[in-house]
Enquirer: 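Quick one: the structure is below, questions incoming.
Residue numbering restarts at 1 for every chain, and letters A, B, ... go by the order of the sequence lines.
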Amino acid sequence: MMSQTIKIVVVVLALVAFVIIVPTSGSFVVLLATRAMAFAILAMSVDILLGFTGLSSLGQAAYFGVGAYLTAVLATKFHFGLGWDFWLVVVLGMLIGAALAAVFGLFAIRAGGVYFLMITLALGQCVWGLAYRWNSVTGGDNGINLSGRPSFGLDLSNEVTFFYLVFGFFAASMALMYVLIRSPFGRSLVGIRERELRMQILGYNTWLHKYIAFIIAGAFGGLSGVLWAQTNGHVSPETLVLTTSVDALLMVVLGGAGTLIGAVIGAAIVFGMREYLSTLVPWWQYALGAVYVLTILYLPSGLMGVPARIRQARANTAAQNVVEANKELATKT
Amino acid sequence: MKPKMLTAILVGGAIMLGLGAGASAQTPEVKIGFLAPRSGIFTQLGTDMVDGFQMYLDEHKGMLGGAKVKFIVEDDQGKPDVDVTKAKKLILQDKVDMLVGAVLASSAYALAPVSTAEKMLYIGTVSTADDLAQRQISKYPYLVLSGWVPSQPNHPLGQWACDQGYKKIVAISADYAFGYEQMGGFQQTFEDCGGKIIQKIWVPLGTKDFGPYIPSMKADADAIFTMMVGPMSLQFPKQFRASGNKKPIVGGGTSYDEFALPFMGDEVIGDVSALQYSAAIETPENEAFVKNYRAKYGKVPSYYSESNYAAAKWIDLTLAKHGGKYPGPIEFINTMKTIKINAPRGPVSLDPETKSPIQNIYIKKVEKKKMFGYGKDELWNTVIKTYPAVSQFWTYDKAKFLAQPVYSRDFPPCKYCE
C-alpha cells in the first residue's frame, strides 16, 4: 500500500515534469494543455460532489458559465479585468459561482440520488436559457467576443505565459481541494457519502455539510469558467450547454471518483481524444466511446482504480493459496 | 485501450511525416485549413461543405491558381470553442495560409478575433452574422464573408411579398439570432413598402411539434412568413397544411433549401423562399455543377456545397493573379475585391468596405418536375424572380442602415401586433 506521502510526491513530480515538458512541445499542445487544465478545475469540483459527498450533479456547467460570462461581460461592457484587476475578476468569478450555488443549493440539496441529478440538471438549463435569451447582456446565440487577454507586466496573450498562469491556478486549486478533503470537514463529507443516517445520528448537520460542499464546488466552477473564457476568447451558450456538465461528470467517472487526481486524468484523456486524436483520425469518437464503455464495464472505480484492482487480484491469489494450503492440511489430518 | 490509442497516435504521426516529406519544393504550395463539423448534429452540413470545396479541387487536379493545395480539414464539432482550438492547431502546427469554412454564426464570431490576433485570413463561407458583417467588420481586417449575410436574401423577399399584394403577414421563426436577422430583413422591406406584420411567433430552436403554435396564428393574414432550420423545416409545413390552412407561405432560405427539400412531401409545392442559391437555376454553369455533384456524391448540391465550391474558385482566381504565390492576407483580400467570380449561383463580387458578397438573390417556388434530364419527378426550387447584384444593404443608404440597431427579437418593433 502506497503511503499518502509517496502519492503526494508522485503527483508533485508529475506536475513538475508536466510544466517543464509541455512548453517545449509546440504551441498547439500548450494550448490544449491550457484548455484541459482550465476544464480540469471544473472536473475536480464535480469530484468534490460526486466522489466525496456522493452527489452526482448535472448542473455544474452553470457555475462554469456564470464565471465565463462574468469575465466576458466585465471585459467588453466595462473594460474591467484587462490589467491587474484580472485578479479581482478571478475573485468575483469564484464569488458569483459560490453565490449561484448557494441559491441553487437551497433547492437541490433537499434531494439525493437521481432527484438531485434532475434538479441540478433543470437549474443548469435555466442558466443556459438565460444565456441564450438575455440578448442585451449575453449576446444571445452569437455569444460575446473578448477583445484580448489581460496584461499586467505579464502579457497573457502569449500562450506560454498564459499556460503558466493557468497551471498556477490549476495546481493551487488542486492543492486547496486536497487540503479540503483531508480536513475533518472533508472526512465528514465522506461519512455522509457512506452512510448519511449514521452521520446524522452522530450529531452532524448533514444538510449543512452538503450545502457547504455544494457552494465550494460552485466557487471552483466559477474559477474554471473565468479561465475558460480567457483561454478561448469567446463565450457563447455553447459554453454551458448540458454536454459541458455531462463531460465533467464523465471525466470524473472515467478517471475515478473520489480521488481528485482521477478527474484530472479523465480531463486529460477526454481532451486528448476530442481535440488531439480528432486532428489525426476520423474515428476518434469510437475510441472515446470505447474508453467510456470499457471503463464502466471493467473499471467501475475508474482508471485510478487500476492499482487497487491489481493489488486485489494479488491478494486474491494469495488468499487462494492459503485456502488451498488449508485444504491440503485438512485432507492430510 | 491505451495501447490502441498509442498506436493511433503513432500511425497518425507517421502519416503526417510521410505527407510532409512528400511535398515538393518546385511548384508553390498553399495550405488551406478548412473547418467544418465532421461529428455532432451538423455533420451532414459539414459533409456538403467539404464535398463542395473538394469537388472544385478535384476538377483542377488539386491546384488553385498555379499553386499546389494542401487541403487540411478539421472537425469543429459545430462548437465555437472547438473552432478556436482547431483554428489554432491549423495555424500553429500545420502553418496554414488561410482558414475557410465553419457553419454557425457563433463560429464566425469566435473565429473572427482569432484571425485578427494571428493575422490570418479567414473566409467564412457559410457561417455569417449580420452584425459581424456590418457594425463590427472594421475590427476584423482579415475576415471575409464570401457566402452571404443572413438578412441579405430576406430584404428582396419582403419587397417581393409586398409586390404580390400581401397586406398582412403572420411571421413564425426559430428563436435565435439567425432567425431574428432573417425575419428583421423581411419585416423591414415589407413594412417600408406598406405591408404589415401583424403577429410574430418565436418558436424554440429544434421544435418538433408546432401543434401549440399553429392555432394561435391570426386568421386575417394574407400570407405566412416562416424561418425554420433543420428538422423544423420539414415538420412545420406538414403540420401547417394538415391543419387545413391554405394560406401562401413565404420563407427564409433555410426553410426550403436543397438540404431539406428531398425529404419533404408534396405539401410544400407552391411555397416560396429566397436565397442566393437554388439548385434549379437554369444556367449552363449551374447545370454542370449540379450534374457533376450529383454524379459524384449522389445528391443534389445545397447552398452549403455551392458556397464552398464558389469559395474555392475565388481562391483559385485570386492566387492566379499572384502567380500561385500566397501574397499575405491583406494583399489577398485586396485582390479578391477586384475579382468578380462566375459561380454556379451567378456572378458574385465583394463589397469592398464590408467584405461581404454582392450577388443575385433568387425568389424560388417549390415545384414538382423533371430537371436537367433526370428521369424522375422531384421537388425543385424553381426560380421565379431574380434580384440581380443585391448587397447586404439592399437599396438602403449604407450609413443610415448602419445607424439603426442590428435586427433582433425586438427590432424592428412589431408596430402592428396587438
Enquirer: Where does B:Q77 contact chain A at under 4.5 Å (heavy atoms): side chain, backbone, both or neither?
Expert: side chain
Enquirer: Test A:S147 against B:K139 for side-chain hydrogen bond (donor to acceptor under 3.5 Å, both in side chains), laying out the working first.
Expert: CA-CA 10 Å; A:S147 43; B:K139 282 198 277 180; over 6 Å; no
Enquirer: Give, for atom CG of A:L31 and atom CG of B:L92, the distance between the pair rounded to the nearest 0.5 Å.
Expert: 7.5 Å
Enquirer: More than 12 foreign heavy atoms under 6.0 Å from OH of A:Y298: is that the case here?
Expert: no
Enquirer: Looking at A:L32, A:T295, A:N142, which has the largest count of heavy-atom pairs under 4.5 Å with chain B?
Expert: A:N142
Enquirer: Any side-chain donor paired with an acceptor under 3.5 Å for A:S236 and B:K79?
Expert: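 No - no donor-acceptor pair under 3.5 Å links their side chains.
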Enquirer: Please test B:Y180 against A:N135 for side chain to side chain contact (heavy atoms under 4.5 Å, CB included), starting from the C-alpha separation and ending with a verdict.
Expert: CA-CA 11 Å; B:Y180 308 151; A:N135 274 28; 3.4 Å; yes
Enquirer: Go through B:K86 and A:T279 one step at a time and tell me if the side chain to side chain contact (heavy atoms under 4.5 Å, CB included) criterion holds.
Expert: CA-CA 8 Å; B:K86 290 298 173 74; A:T279 66; 3.7 Å; yes
Enquirer: Need one label for A:Q285: side chain, backbone, both or neither, based on atoms under 4.5 Å from any heavy atom in chain B.
Expert: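 The answer is the side chain of A:Q285.
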Enquirer: Any side-chain heavy-atom pair from A:W284 and B:D75 closer than 4.5 angstrom?
Expert: yes
Enquirer: For residues B:Y140 and A:N145, is any side-chain donor paired with an opposing acceptor at under 3.5 Å?
Expert: yes
Enquirer: When rounded to the nearest 0.5 angstrom, what is the spacing between OG in A:S278 and NZ in B:K89?
Expert: 8.5 Å
Enquirer: Going by an N to O cut-off under 4.0 Å, is there a salt bridge joining B:D175 and A:R133?
Expert: yes
Enquirer: Please find the pair of heavy atoms, one from B:P80 and one from A:H234, that lie closest to each other, and give the distance.
Expert: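 Closest pair (atom of B:P80, atom of A:H234, distance): CB-CD2, 3.8 Å.
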Enquirer: Carefully, step by step, assess A:F28 and B:D94 under the rule side chain to side chain contact (heavy atoms under 4.5 Å, CB included).
Expert: CA-CA 10 Å; A:F28 175 57; B:D94 301 325; over 6 Å; no
Enquirer: Is a salt bridge present between B:K88 and A:E159, judged by a nitrogen-to-oxygen distance below 4.0 Å?
Expert: yes
Enquirer: Measure the OG1-CZ distance between B:T85 and A:F271 for me, rounded to the nearest 0.5 Å.
Expert: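 Spacing of OG1 (B:T85) from CZ (A:F271) equals 8.0 Å.
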Enquirer: Pick whichever of B:A177, B:G78, B:A105, B:A110 has the most heavy-atom pairs under 4.5 Å with chain A.
Expert: B:A110
Enquirer: When rounded to the nearest 0.5 angstrom, what is the spacing between CH2 in A:W283 and OG in B:S39?
Expert: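 With rounding to 0.5 Å, CH2 (A:W283) is 14.5 Å from OG (B:S39).
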Enquirer: Do you know the tightest heavy-atom contact between B:V82 and A:E275?
Expert: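 Smallest interatomic distance, heavy atoms only, reads CG2-OE2, 4.3 Å.
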Enquirer: Does NZ in A:K77 sit with more than 12 non-hydrogen atoms of other residues, nucleotides or ligands closer than 6.0 Å?
Expert: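 It does: A:K77 NZ has more than 12 such atoms within range.
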